[in-house]
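Shown next, in structure tokens, is the structure this report addresses.
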Amino acid sequence: MSNPINVPLTSDEIEMLVDALEADLEGYLESAKEARGNGNRDDVKTFTEAATRIQTLMARLQDMVEE
């Protein structure tokens, strides 16, 4: 695991990051869907893992804004 880095951000900046991650997430989910339709299991796995990591990060950031 990577070492944590402290980056002071405003709640508005965190919300902007969450919005950007949501758009990125949609792209990965769509790519996984297309790969599934093409029968490319390796790509499905890669895109699904990326989507899961993005969702986890989004949840952490959203928790910071809700505090």
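Please read all numbers here as calculations on a predicted model, not as lab measurements.
Within the 4.5 Å cutoff, no side-chain heavy atoms of L61 are placed close to those of V65.
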With a cut-off of 3.5 Å and sequence neighbours excluded, list every side-chain donor-acceptor pair involving residues 11-31.
| from | atom 1 | to | atom 2 | distance (Å) |
| --- | --- | --- | --- | --- |
| E13 | OE1 | T10 | N | 2.8 |
| E13 | OE1 | T10 | OG1 | 3.4 |
| S31 | OG | G27 | O | 3.0 |

Per-pair distances, 0.1 Å, donor-acceptor, side chain in residues 47-54, under 3.5 Å, sequence neighbours excluded:
| from | atom 1 | to | atom 2 | distance (Å) |
| --- | --- | --- | --- | --- |
| T48 | OG1 | V44 | O | 2.6 |
| T52 | OG1 | T48 | O | 2.9 |

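Residue pairs meeting the side-chain hydrogen bond (donor to acceptor under 3.5 Å, both in side chains) criterion with at least one partner in residues 35-45, sequence neighbours excluded, are N40-D43.
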